[in-house]
Amino acid sequence: MSTTENKSVEITKGINGLDKVILREINGSSAEVYLYGGHVTSWKNEHGEELLFVSSKAIFKPPKAIRGGIPLCFPQFSNLGTLEAHGFARNRVWTVDIDPPPFPSNTTNRVFVDLLLKPTEEDLKIWPHSFEYRLRVTLGPAGDLMLTSRIRNTNTDGKPFTFTFAYHTYFSVSDISEVRVEGLETLDFLDNMKNRERYTEQGDAITFESEVDRIYLSTPTKIAILDHEKKRTFVIRKDGLPDAVVWNPWDKKAKSMTDFGDDEYKHMLCVEAAAIEKPITLKPGEEWKVRQELNILAHQYHVQDCVVVKESKANAREVVKKILIFCSLH
Ligand code: TA6
């Protein structure tokens, strides 16, 4: 366990004795990532409030993926290919990467852990490509959570490979019927409920009254998830990930999932930074680097930045506009 000034990176045992890494920040925020799946399963703010959703019925036992947190969908998103749904990265045991190649990013004074996944002989039988997937999970001094993925083609046969990818993030929300997503208005999306046909989103925030399963295309860097009841907004900042999947299973689909509580759909929403519409192709030696950063903004009076953001349904859109302006200025 390494600690500096009360920040810490601790390797310990989690559920069912699975290895996990705990990151702790001075301000009290924390994050946890299991080596199984390279799977972030917890992100808590300075008050110890859990910000990610993990099902109470999640099965922490290979080969089943953990239901919730931030599953890594690689080398295939969903069933868009010949592999099992969402690929196999989330079903494999990763290692702590103790000697990663230099990582030019702003992780100074931040607490982080580097994980590494390489294919096994078994994996090469189902996906005949050598790769190194390096994941850095970083907790910032203000409790922001950043995931950076670096995927390199290490084929020695000269062959390129092509993949799709998503950070399948499950956010914890108070009541899905009181949640709005801003930033995806007027964009095209593929509707998984209608054979992935292409539609155009209306001009207002996305709200939820039934199952939603959509792949929004060419989305902006920043997407906001406004939780009315908890008076807070999640802000996703993404680099290199043009698409965004929005998913809530609602009641019927919830009942059909054995590792998901019947009523849990009310308290979660997946908004997933992704690269799906245009699959990524890497030649041997090429590396693809992408990032998602998650922040929390409270809908309170922000003295220092003079953004008076009062909670009110009527001006929720204005609220989020101000939040997105605030984010772009900081
Ligand atoms: O990201 C949305 C989605 O593709 C949905 O269609 C639903 O299948 C969800 O992922 C969960 O997939 P999983 O394989 O984790 O059960």
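In this chain, numbering begins with 1 at the start of the sequence shown. Atoms within a ligand are numbered from 1 in the order they appear, just like the ligands themselves.
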Checklist entry - Just how far is it from atom CG of Asn248 to atom OH of Tyr265, taken to the nearest 0.5 Å? => result 8.5 Å
Next on the checklist: When you measure from the heavy atoms of Arg90 to every atom of ligand 1, does any distance fall below 4.0 Å?
Outcome noted: yes
Next on the checklist: Among Lys253, Arg67, Met257, which one puts a heavy atom closest to atom 11 (C) of ligand 1?
Outcome noted: Arg67
Item to check | Ion pair check, Arg180 and Asp204, cut-off under 4.0 Å | outcome: yes
Item to check | Numbering as shown, the atoms of ligand 1 that approach Glu272 to under 4.0 Å (heavy-atom distance) | outcome: 1 (O), 2 (C)
Checklist entry - Considering only the protein, which heavy-atom contact is closest to atom 12 (O) of ligand 1, and what is its distance? => result His86 NE2, 3.3 Å
Next on the checklist: As a test of the contact definition, would atom 14 (O) of ligand 1 count as having a protein heavy-atom neighbour under 4.0 Å?
Outcome noted: yes
Checklist entry - Quick one: which ligand 1 atoms are inside 4.0 Å of a heavy atom on Phe77? => result 1 (O), 4 (O)
Next on the checklist: Do the side chains of Asp123 and Arg92 get close enough for a salt bridge, i.e. N-O under 4.0 angstrom?
Outcome noted: yes
Item to check | Note, Leu72 side chain near Tyr167 side chain (heavy atom, < 4.5 Å) | outcome: yes
Checklist entry - How about Trp288 and Phe163: are their ring centroids closer than 6.0 Å? => result yes
Next on the checklist: Counting non-hydrogen protein atoms only, what is the nearest one to atom 6 (O) of ligand 1? Give residue, atom name and distance.
Outcome noted: Asp213 OD2, 2.6 Å
Next on the checklist: Looking only at the aromatic ring of each residue, does the gap between the centers of His267 and Phe53 stay below 6.0 angstrom?
Outcome noted: no
